[in-house]
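Side chains are part of it too, since the values below use all heavy atoms of this structure and drop only hydrogens, waters and symmetry mates. A quick note: this is a predicted structure, and the numbers were derived from the prediction, not measured. Here is how names work: the chains are called A, B, and so on, in the same order as the sequence lines, proteins then strands, and each is numbered from 1.
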Amino acid sequence: MEVTWIGVLIKAIIILAVISAIAGFGTYIERKVLAFMQRRLGPMHVGPYGLLQIAADGIKLFTKEDIVPQNANAFIFKIAPVITAATAFIALSAVPVFPDFTIPSWIPVLGGTFVPSIASDLNIGVLFVLGMMAAGLYGPLLAGMSQANKWGIIGAARTAVQFLSYEVVTGLSILAPIMLVGSLSFVDFNAYQAGGIGDWLVWKQPVAFVLFLIAGFAETNRTPFDLLEHEAEVVSGYATEYSGMRWGMFFIGEYANMITVSVIAAVVFLGGYDAAGTLGWLFIMAKIAFFFFLMLWVRAAWPHVRPDQLMWLCWKVLMPLAVVNIVITALVMMV
Amino acid sequence: MYEMIAFYLFSALTIGLFMVTVMSKNVLYAMTSLASAMVLISGFFFILGADFLGVVQLIVYVGAIMALYSFAMMFFDATRDIKEKNTNNALVFLLGGLSALVLVLIFAAPIHSDAIHALYPIHEGAGNAQDVGIVLFTKYLVPFEVAAVMLLVAMIAGIILAGKKMDHSLTKDLDADDEILVVKDRK
Amino acid sequence: MENLVYIALFAPFVSSLFAALFGMSQRQVFVGIVASSLLAISFISSALLAIHLYTTGDVIHVRLMDWINAGDLHIPFGFIVDQVSVTMMMVVTLVSTVVHIYSIGYMDHDKSFNRFFSYLSAFVFSMMILVMSDNFAGLFIGWEGVGVCSWLLIGFWYHKADVTREENPSISPSWAANEAFIMNRIADLGMLIGLFIIYWNTGSLQYDEVFAQLPYLSETILTTSAFALFIGAMGKSAQFPLHTWLTDAMEGPTPVSALIHAATMVTAGVFLVIRANPLFSMTPEVSFFIASLGTFVAFFAASMALVNRDLKRIIAFSTLSQLGYMFAAAGLGAYWIALFHLGAHAFFKALLFLGAGNVMHAMHDELDIFKMGGLKKTMRWTWLYMGLASLALAGIFPFAGFFSKDAIIETAFNEGTYVLWAILVITAGMTAFYSFRQVFLTFHGDERYKEFGIHPHEMYKYVLIAMAPLAILALVAGFGMHQYEAFITNLLPEYHMSEHTHHLVVWLTLIVSAFAIGGILLAYVKYAKGLKRDTKLENSFAYKVLANQYYIPQLYEEFITKPYKIVSEIFWEKVDLKIVDATVDNIAKTLYKTGDSTRSMQTGNLSNYLNWMAVGGVVLLVIAAISAMLV
Amino acid sequence: MIGLSHYLIVSAIIFSIGLIGVLRRRNLLMLFFATEVMLNAVNIAFAAISHYYNDLTGQMFAFFVIAIAASEVAVGLGILIVLYKKHGSLDLDNLANMRG
């Protein structure tokens, strides 16, 4: 099927709309899941089972006063959240969120348009996503540096340290599957594991899978690695001075990144959208949902780590493990 | 058509952003514009079919090098405008402009390209990453290894330079807050 | 068998390295013992090789590695064990083993004991390379190697200060070492030229390939190369006019004199002529020149030995004289006789030197035989050894010297060169005289040393025992002459006396023996009862000329060293100072001035530097643009 | 149609911008930034030549330039921090100890 610009546009719109919605809905889910795990009810007052809480939060965020601190560098302060959100969505553009499909011909105007699985199928997709996620660190970084606030600066410093360090682990851990597949394209990853559950790379690369997940938690700033905005230590880190929709953008970016990591983990290690058609939809959605749930679950189950423990884990445990994994993979492939 | 639009867009943006980098008095602006211009330069690389180079530009330049710069900036005061004596601005712009003019003249002149042949032609069909890999690990293996060693050496040098006695100043016993108090006392 | 070759070759090397490990440390006896043992191993290997070669006749040719491979030049690191080299190996390893053991006793009180063994073993290694190499390049390496070791060993006591020529004719050990080295370098230049000519014309330096090509070369080339090679041999074997270094080399420790400057290294020249015999047999003029020069040197050196008072110098002159004999034989085509004399001479001359070392040791480094006498009482064994060696040197039946020297003199008669024959016969008489003059003055007569307060004592037992093999060989080696002839002529050309000579052989032998015995008797009459100095004779012109070595060292100094120094000074003052140095100084001055005038550019401010750099860059760009436009 | 000259001209302009930055900046950190600008300009030229001559050598050189930039940052920033601790400023005019 030929990829047309209309198809790509539709895909882009779908991604933007769906992910933004998920980001909002995600907060609700997160609160609910955490609540259940802590034997309480969570949001219950707005709407049935608190379902309208999302709308209430949205209204609150949009209507809240937009504060720019006096000594802050206003311009940078304002664009920093945009960078976070933008890089997160750009990264999603190279990820196969859903399988490709054709819009049924009975729909007027758009009928018969082919919508590709990936908005832009780069042949170096994996690296591109990693690169964009790396660029995403500028959001928190600039936010922290521009706001003339010590908590902010500390948060920014932690951002740089944590993201830079864990990028190494992410890259190295995903290198081993890349070596096995011999391609950097997500489509090839999917095709490599098309043979069913037995072909999933998680069986061949369990170490890489675990390492990638751990690094993914750090890259998306999730508990137990959420040192960038750890309330008990740095108030709210890089986001201390933010309010309203600017703060909301950080939030959307974070959720989008969570979804990106989930998608990568699902496509690279758990077979992706292996079965064509409707089942593929369901499968990948289930996998992504599982990883999303896993993140919440971990948040409920684990305490924070200290920054020095974070670095220790990265450079003295994960990175050597990742390198050893690569070497072993290479040896096995060579033999 | 797309290529042309992209090229002119990227050119205008990068040139503008780099101008900001060079002219701005504010370190944050300079850093931000430099980083974003580098992202745009990776766009150039994608247009030129050098996908792998583009991604490397993103990951290494934007993700690591510029991040390191910003990390280092936290040691200095980033929000304050930097004051520089700008003597001889005329000379600077004359030199810069002249070099730009001459370079442009040289490049705009017709190039005799007949004599130039591709030594490592790009394979049809294979992706850019494969091509790059093949050339990098055959013809450029030794430079590659040397570059690796160089990076290792640079890393060690960086650690030793910056890591030694990070917690106290070599010259001053007072930290910044105390200094302000001292100034106030004098008044 | 191949392993034996390597053991024989490298055992001395290992020994040298081992001793060098302790080179800077205190005297350690075990260093000497280990070195001697390794040398003994080398000797045993050589002996086994010799037996193998004697019984089976297999020439062993090994190739260690490719040494030089450049363009058309292929020189392997190859070694050959044939009849000639095995003879040399036997002689070298035997004498050096004895000398090593001897040195343990002789160098007992020297603080550089370990260093001495390192040098000595290094010398043996170089000598083994010299004799075992299968090509001229390897020979040359060994040749230079022994030169260096000789330099190190002559100058072993380098700390001794220079004195005047009247006080000590060789001035100082380091002076003597330099003299030896420089003279050898001059001669080596000749040898190098010879090698170049050979390589240029035959395209190889391998002995067999070179010799196979010889018949196709022109007369001139053969003559030039043979002569050039012989110049090298002249230097190493101290033939006239490059002979002065050998007597001065006696400044080195006596074991060194015994090993290097009597038995082995100085015979390298003879070895070269023997090795290259196909070349020399094709150039009769050069060969005859060699024979004449050898005869002349034999006589010339013997004449100087007649009047010398220095124990070691007398033996050194006799070495020169015997080398002359060897060259005479080799020049007359009797190569195997020359080689035989070489071997026999090595045994009794080493013995003689070692005996002299004993005397020196006993006399506290006093060498003047006029101050000795009557030492026989205290040094019976040494007296026995030296007497025996002197008998061999004088050529008295049945000692080794008799057979070999007699054969040489017969050869001279056989070739019809009666003048040479006559000189050699007279020289034989002189040899006997000076040898026994020395023996009688040293060991007989009144005990003149007493007035100098010296209490002589015999050398250590083990040293005397170690010298025994040399004494035995000096005694019996001559009887193996016929077996040796059969063995060596497998490789070297045979040499037979003509029918005419054969008839006269008894008479010839008697004439020579008569001269020899006459010499001994004369010495006995003059010196056995004690020293009676004849002032009239000592003041005569001839005596003075001989005592001053024909004034040759003085001539060299006057006509070579001094003019050279004057020329050097002129060049130093006129050329070096005024032209070369001035040019360099002016360059520096210009740079200084430029620096001074442009110093203000260096403000220490990086920005300014960058501005300058940019100016330069823009200028280069403009030049590039303009040149591109012009082309 | 975009040709090689276009890229080279953009590259030259960016390079000159970097040059201007190098010349007029007195703050060492900003000097580093200007250097990065120049390096990037060269990388564009490399990639463009690589593309138009169908030869990967240009890209290879761009990779090595990036590697060099990374090393430069590691060492350079270390030096900057040491300088800052010692002098309390990164201004070149304060560092002119080497007056000839």
Bottom line for Ala50(B): the part with an atom under 4.5 Å from chain D's heavy atoms is both
Turns out that what part of Met66(B) lies under 4.5 Å from chain D's heavy atoms comes down to side chain
Assert top hit (heavy-atom pairs under 4.5 Å, partner chain D, pool Met150(B), Met31(B), Met19(B), Glu3(B)) equals Met150(B)
Heavy atoms of Val22(B) and Gly21(D) approach each other most closely as CG1-CA, 3.2 Å
Highest number of heavy-atom pairs under 4.5 Å with chain B among Ser16(D), Ala47(D), Ala41(D) belongs to Ser16(D)
Q | Side-chain heavy-atom pair Val132(B), Met60(D) within 4.5 angstrom cut-off | A | yes
Between the CD atom in Gln59(D) and the CG atom in Leu48(B), the distance rounded to the nearest 0.5 Å is 8.5 Å
Would you give me the side-chain donor-acceptor pairs under 3.5 Å for residues 4-17 of chain B, sequence neighbours excluded?
unit_1   : atom_1 : unit_2   : atom_2 : d
Ser11(B) : OG     : Phe7(B)  : O      : 2.6
Thr14(B) : OG1    : Phe10(B) : O      : 2.6
Thr14(B) : OG1    : Ser11(B) : O      : 2.9

Please test Asn43(D) against Phe44(B) for side chain to side chain contact (heavy atoms under 4.5 Å, CB included), starting from the C-alpha separation and ending with a verdict. CA-CA 10 Å; Asn43(D) 274 359; Phe44(B) 275 120; over 6 Å; no
For this session: Answer yes or no: is there a side-chain heavy-atom contact under 4.5 Å between Ile66(D) and Leu53(B)?
Result: yes
Quick check: does any side chain N or O of Arg24(D) sit under 3.5 Å from a backbone N or O of Phe93(B), one acting as donor and the other as acceptor? no
Side-chain touch Glu36(D)/Tyr69(B), heavy atoms, less than 4.5 angstrom: yes
The interface call for Phe45(B) against chain D, heavy-atom contacts under 4.5 Å, is side chain
Residues Leu19(D) and Gly96(B): closest non-hydrogen pair is CD2-CA, 4.3 Å
So, the part of Ile20(D) with a heavy atom under 4.5 Å from chain B: the answer is both
In terms of heavy-atom pairs under 4.5 Å with chain D, the winner among Gly54(B), Ala30(B), Gly49(B), Ala157(B) is Ala30(B)
Residues Leu151(B) and Ser71(D): closest non-hydrogen pair is CD2-OG, 3.5 Å
- Message: Apply side chain to side chain contact (heavy atoms under 4.5 Å, CB included) to residues Asn40(D) and Gln57(B) and explain how you reach the verdict.
- Response: CA-CA 9 Å; Asn40(D) 272 284; Gln57(B) 169 91 6; 2.8 Å; yes
Among Ala34(D), Gly58(D), Gly18(D), Ala67(D), the residue with the most heavy-atom pairs under 4.5 Å to chain B is Ala67(D)
Between Phe63(D) and Phe144(B), is the ring centroid distance below 6.0 Å? no
- Above 12 or not: heavy atoms from other molecules or residues under 6.0 Å from CZ of Phe61(D)? no
Rounding to 0.5 Å, atoms CG (Leu56(D)) and CG (Leu136(B)) come to a distance of 10.0 Å
Highest number of heavy-atom pairs under 4.5 Å with chain B among Ile17(D), Leu39(D), Val10(D) belongs to Ile17(D)
Honestly, the part of Leu68(B) sitting under 4.5 Å from a heavy atom of chain D is both
One should read off an interatomic distance between Thr21(B) OG1 and Phe33(D) CZ, to the nearest 0.5 angstrom, of 8.0 Å
* To do: Would you please test Ile81(D) and Leu161(B) for side chain to side chain contact (heavy atoms under 4.5 Å, CB included) and show each step?
  => CA-CA 8 Å; Ile81(D) 289 169; Leu161(B) 277 174; over 6 Å; no
When the 4.5 angstrom heavy-atom criterion is applied to Ile79(D) and chain B, the contacting part is both
Bottom line for Leu34(B): the part with an atom under 4.5 Å from chain D's heavy atoms is side chain
Among Leu152(B), Val146(B), Val56(B), the residue with the most heavy-atom pairs under 4.5 Å to chain D is Val56(B)
Okay, Leu77(D) and chain B: the region with an atom under 4.5 Å from a heavy atom over there is side chain
If one checks every heavy atom of Tyr52(D) against chain B at 4.5 Å, the contacting part turns out to be side chain
